[in-house]
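Right, one structure below, let's go through it.
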Amino acid sequence: MKTLLDADYIVRDERPVVRLFYKQDDERVIEEVADFEPYFYALSSVDINVLAEKVKALENVTKVETKTMTDIKGEVEVLRINTKIPGNVAELRVKVASLQECREVREADIPFSRRYLIDSQLSPMENAENIGLTIASLDIECLSEGGAMDADKNPIIMVSYADNKGLNRVWTCKKTAFKAEWLEVLEGEKTMIEKLVQTIGERNIDLIVSYNGDNFDFPYIEDRAKKFGVKVDVGIDGEEVKTERRGMNMGARVKGRPHVDLYPVCRQTFNLPRYQLEDVYLHIFKEEKRDIDTGKMREYWDDEKKFPELAEYSLSDAVSTLKIAERVLPLQYELCRVIREPIYENSRMSSSQRVERLLMNKAFEKNVVVPNRPSDDESGERYQEPFEGAYVLEPLKGIHDNIVLFDFRSLYPSIIISHNVDPSTIDCKCCKKEEAHIAPNNHYFCKKKKGFIPGVLEWLVKKRGEMKDEFKKEADSQKKAILNVKQQALKLLGNSMYGYYAFVRARWYSRDCAEAIAAWGREYIQKTIDEARKTGFEVVYGDTDSIFITKPGEQDKKKIESDAKEFVRKVNEKLPEAMELEFEGFYPRGIFITKKRYALTDEKGLLTVKGLETKRRDWAEIAKDTQNKVLHAILHDRNPEKAAEIVKQVVKDIKEGRVKLKDLAIYTQMTRGMGEYLVDGPHIQAAKKAMKQGMNFKQGSIITYVITKKGDSISDQAKVIDFVEEGDYDADYYIGHQVIPAVLRILEALGYSEQELRGLGKQMSLEDW
DNA sequence: GCGGACTGCTTACCT
DNA sequence: ACAGGTAAGCAGTCCGCG
């Protein structure tokens, strides 16, 4: 049994050698492939043989052959141009492209080891679960003075390590009397780094995980190691870890022993207000992780009594990182297998990159020549040409009883499949418009030849169906879990296809296709809404692919549900085969505030909230929690007086200074670089003040701030939480701008007028908001 | 000089 | 750095007001 963990290439005797890093049984092996040459394609503007002759005369060309492939507009003759080493491609493609006879160069920007994986059709991480990978997590602590981390000055004081074969270690250089079986006191920083490297090697680690290792632990270790002349040669063949630029961020790459930074993975996998290790751990395991105030690192380090706390915290970082890895890696493995990408790359890819990678694999299988990536100018132009998206029905605002929710199962993917939406089938020559799939946007799609992307989608849907069937049949819970992850991965890829068509940097971008899909979507939901109304339902709300209905005058819940199910059956009879309207659920009560903002209770009293403040990271916990309680009181307990009582108490707590800072914190992401803001909102002004005191924020950082007492405007009052004392908060702001607006929206929708609320306000002693 | 109306910028959500 | 549709807050400006 073997599993492919990593791939790269080296140049030996002026020939490229692809290296495949496997774990085979219990051994680590490197397979070398020496007979694979880099190549790319050229399309000709004249007779392909004329171009071929010209190309043959160019330097470093080893082989030229003509081939028929499928392009967007149909079959094309292409020239496959082989060259000696990958390093030649950049120069050669320019020479070829500048030949008069050359129309276009294709597939010249695919990295060589990726090219090999596409052509060999090898899947990384096959058998990963069965082979028993040895996974290690690592984490460092360093002694920083006042916020800023500077690898030049501040030493590493602790390295913690945990692996899934039972070894837990904290290596430190403090001469301490504290003893623990996992604590090992070493001479100094240099020895600690050496110990880490040595342990990874000795324990034959297959996969290294970290939390923010790309941007912190590895670059830091590298810098410190350099100081001591130590090599961080943790790679399988003794290569050192290399931090490389990957778009806007860094990636710490370890050859053959993939390093997965769980921070980007978690940011993509979960939707949370913040993504510190503690937050993610709490979210997944519903359990607080040990934490310390890292601002007081010096104290923990110097004080012998406090030191054990630091050591335990450090160990818990490594241990919880490993636990998180075990939770999130299965989906990563699965994505690796489907898109045939090694895990180092896959774990740092965006969903559009994954879709594109899958399409490139399928293109190879189906003899399709891959379109080029657009230039910056081209994607800029595409960006200037937006199109109409989904339909959203204005909700009937207020409370509704006995709501039935329907939605179209995978609306966009099913439209793409049903109507064969593809850049190669749009307005085809082989069908008359009337005989084709006519889209609501003045285009039509071929009915004779299946498009490339609908074909790939169909494959994803079919595979997913198989996984779901096997899931149902499987009894073993571990195997069930794997099957479930498999279907999840396929679903993720399928659901990204529409967005990919509309993504301006996509190779297979097609505004016309995206627009047609959205237009069809609008047509299906609008027709369904009309049909529901004709059938005697009231349509309370609908968004894109979902419809909320009630049946006025009908009290019998069973009757409502059965009528609704009958309606679904009727609609489905008329829909294309791949499309389906699904009965999603029955809700005894719901409140609709505006488009995209509503709340429902199911029969067990479980609350579903969408879009309201409760769901937003940029509202304080005190406001979100109060809104949530008010919703529960109204929807489930049906008791507005209770709601009023809750608000009254919270307002009192705020006024009397009893609220903790963590409940007042507002989280807001910095979505661009500091210099790019035209208007500095509260989070930016708070961040700027904090940066003067040594803190660091960059694009993507989530800023945690509180509105304090002092200042001329809200932004002026905003301060990063680390610099705020307990009790220093603007009570009027939290009452008037947080709690009251959040609950008022609910009470207003209940039918209270503004005046009544002010009256109620007096009762509730809210008179001064 | 003040407050309400309005606009533009910004964010995070929904599907 | 997958899409468009949407609500909403804050900062700043405009406008009316003897």
> Using a cut-off of 4.0 Å on non-hydrogen atoms, how would the nucleic acid contact of A:Trp619 be classed: base, sugar-phosphate, or nothing?
Replying inline: sugar-phosphate
>> Under 3.5 Å, is there a donor on one side chain and an acceptor on the other for A:Tyr333 and A:Arg337?
In response: no
> So A:Phe592 and A:Tyr541, would you call those rings parallel, tilted or perpendicular, with 30° and 60° as cut-offs?
Replying inline: tilted
> Looking for any heavy atom pair under 4.0 Å, which part of the strands does A:Tyr541 touch: base, sugar-phosphate only, or nothing?
Replying inline: nothing
> Under the 3.5 Å rule, do the base of C:dT6 and the side chain of A:Arg597 count as making a donor-acceptor pair?
Replying inline: no
> Are A:Ser352 and C:dC2 close enough that a side-chain N or O sits under 4.0 Å from OP1 or OP2?
Replying inline: yes
>> Need one value for A:Ala390: base, sugar-phosphate or nothing, where a base atom within 4.0 Å counts as base even if backbone is also close, heavy atoms only.
In response: sugar-phosphate
> Would one find a side-chain N or O of A:His683 under 4.0 angstrom from OP1 or OP2 of B:dT11?
Replying inline: yes
> With a non-hydrogen cut-off below 4.0 angstrom, is A:Tyr412 in contact with a base, only sugar-phosphate, or nothing?
Replying inline: nothing
>> I need the OH-P distance between A:Tyr383 and C:dA1, as an integer number of Å.
In response: 12 Å
>> Can you measure A:Phe270 atom CZ to B:dA12 atom C1' for me and round it to whole angstrom units?
In response: 20 Å
> Would you say C:dA11 has OP1 or OP2 under 4.0 Å from some side-chain N or O of A:Ser715?
Replying inline: yes
>> What contact category does A:Gly681 fall into here, base, sugar-phosphate, or nothing, at under 4.0 angstrom with non-hydrogen atoms?
In response: nothing
> At under 4.0 Å, does any side-chain N or O of A:Arg672 touch on OP1 or OP2 of B:dT11?
Replying inline: yes
>> Go nucleotide by nucleotide along DNA chain C from the 5' end; which of A:Gly499 and A:Glu388 gets its closest nucleotide reached first?
In response: A:Gly499
>> Looking at C:dT6, I'd like to know if its phosphate oxygens (OP1 or OP2) sit under 4.0 Å from a side-chain N or O belonging to A:Tyr598.
In response: no
> Does A:Tyr677 make a side-chain N or O approach to OP1 or OP2 of B:dT11 shorter than 4.0 Å?
Replying inline: yes
> Hey, are A:Thr614 and A:Gln627 close enough side-chain-wise for a donor-acceptor pair under 3.5 Å?
Replying inline: yes
>> Nearest heavy atom decides the nucleotide; on that basis, is A:Gln699 or A:Gln685 closer to the 5' end of DNA chain C?
In response: A:Gln699
> Would you say A:Thr594 reaches C:dA7's phosphate, i.e. side-chain N/O to OP1/OP2 under 4.0 Å?
Replying inline: no
> So, A:Asp422 and A:Ser424: side-chain donor and acceptor under 3.5 Å apart, yes or no?
Replying inline: yes
> For C:dT6, does OP1 or OP2 lie under 4.0 Å from any side-chain N or O of A:Lys595?
Replying inline: yes
> With respect to the phosphate group of C:dC2, does any side-chain polar atom (N or O) of A:Ser350 fall under 4.0 Å of OP1 or OP2?
Replying inline: yes
Scan the side chains in residues 354-361 of chain A for donor-acceptor partners under 3.5 Å anywhere in the protein, sequence neighbours excluded, and list what turns up.
unit_1: A:Arg354; atom_1: NE; unit_2: A:Asn346; atom_2: OD1; d: 2.8
unit_1: A:Arg354; atom_1: NH1; unit_2: A:Gln268; atom_2: OE1; d: 3.2
unit_1: A:Arg354; atom_1: NH2; unit_2: A:Gln268; atom_2: OE1; d: 3.0
unit_1: A:Arg354; atom_1: NH2; unit_2: A:Asn346; atom_2: O; d: 2.8
unit_1: A:Arg354; atom_1: NH2; unit_2: A:Met349; atom_2: O; d: 3.3
unit_1: A:Glu356; atom_1: OE1; unit_2: A:Tyr500; atom_2: OH; d: 2.3
unit_1: A:Glu356; atom_1: OE1; unit_2: A:Arg507; atom_2: N; d: 3.0
unit_1: A:Glu356; atom_1: OE2; unit_2: A:Arg507; atom_2: NE; d: 3.2
unit_1: A:Arg357; atom_1: NE; unit_2: A:Glu341; atom_2: OE1; d: 2.1
unit_1: A:Arg357; atom_1: NH1; unit_2: A:Asn361; atom_2: OD1; d: 3.0
unit_1: A:Arg357; atom_1: NH2; unit_2: A:Arg340; atom_2: O; d: 2.5
unit_1: A:Arg357; atom_1: NH2; unit_2: A:Glu341; atom_2: OE1; d: 3.2
unit_1: A:Asn361; atom_1: ND2; unit_2: A:Ile339; atom_2: O; d: 2.8
unit_1: A:Asn361; atom_1: ND2; unit_2: A:Arg357; atom_2: O; d: 3.2

> In whole angstrom, what separates A:Tyr498's OH from B:dC14's P?
Replying inline: 18 Å
>> Does a side-chain N or O of A:Gln353 approach OP1 or OP2 of C:dA1 to a distance below 4.0 Å, or not?
In response: no
> In whole angstroms, how far is the P atom of C:dC2 from the CG atom of A:Leu335?
Replying inline: 15 Å
>> Within the 4.0 Å heavy-atom criterion, would you say A:Arg354 contacts the bases, only the backbone, or no part of the nucleic acid?
In response: nothing
> Hey, is the side chain of A:Arg505 poking within less than 4.0 Å of OP1 or OP2 on C:dA1, counting only N and O atoms?
Replying inline: no
>> Using 30° and 60° as the class boundaries, would you call the ring planes of A:Phe445 and A:Trp520 parallel, tilted or perpendicular?
In response: tilted
>> Is it the case that over 12 heavy atoms from other parts of the model lie below 6.0 angstrom from the NZ atom of A:Lys595?
In response: yes
> What's the CD-C1' distance between A:Glu613 and B:dT11, to the nearest Å?
Replying inline: 13 Å
>> Quick check for you: among B:dC14, C:dA8, C:dC10, whose closest atom lies nearest to any side-chain atom of A:Asp543?
In response: B:dC14
>> I want to check one thing: is the phosphate of C:dA3, taken as OP1 and OP2, less than 4.0 Å away from some side-chain N or O of A:Arg382?
In response: no
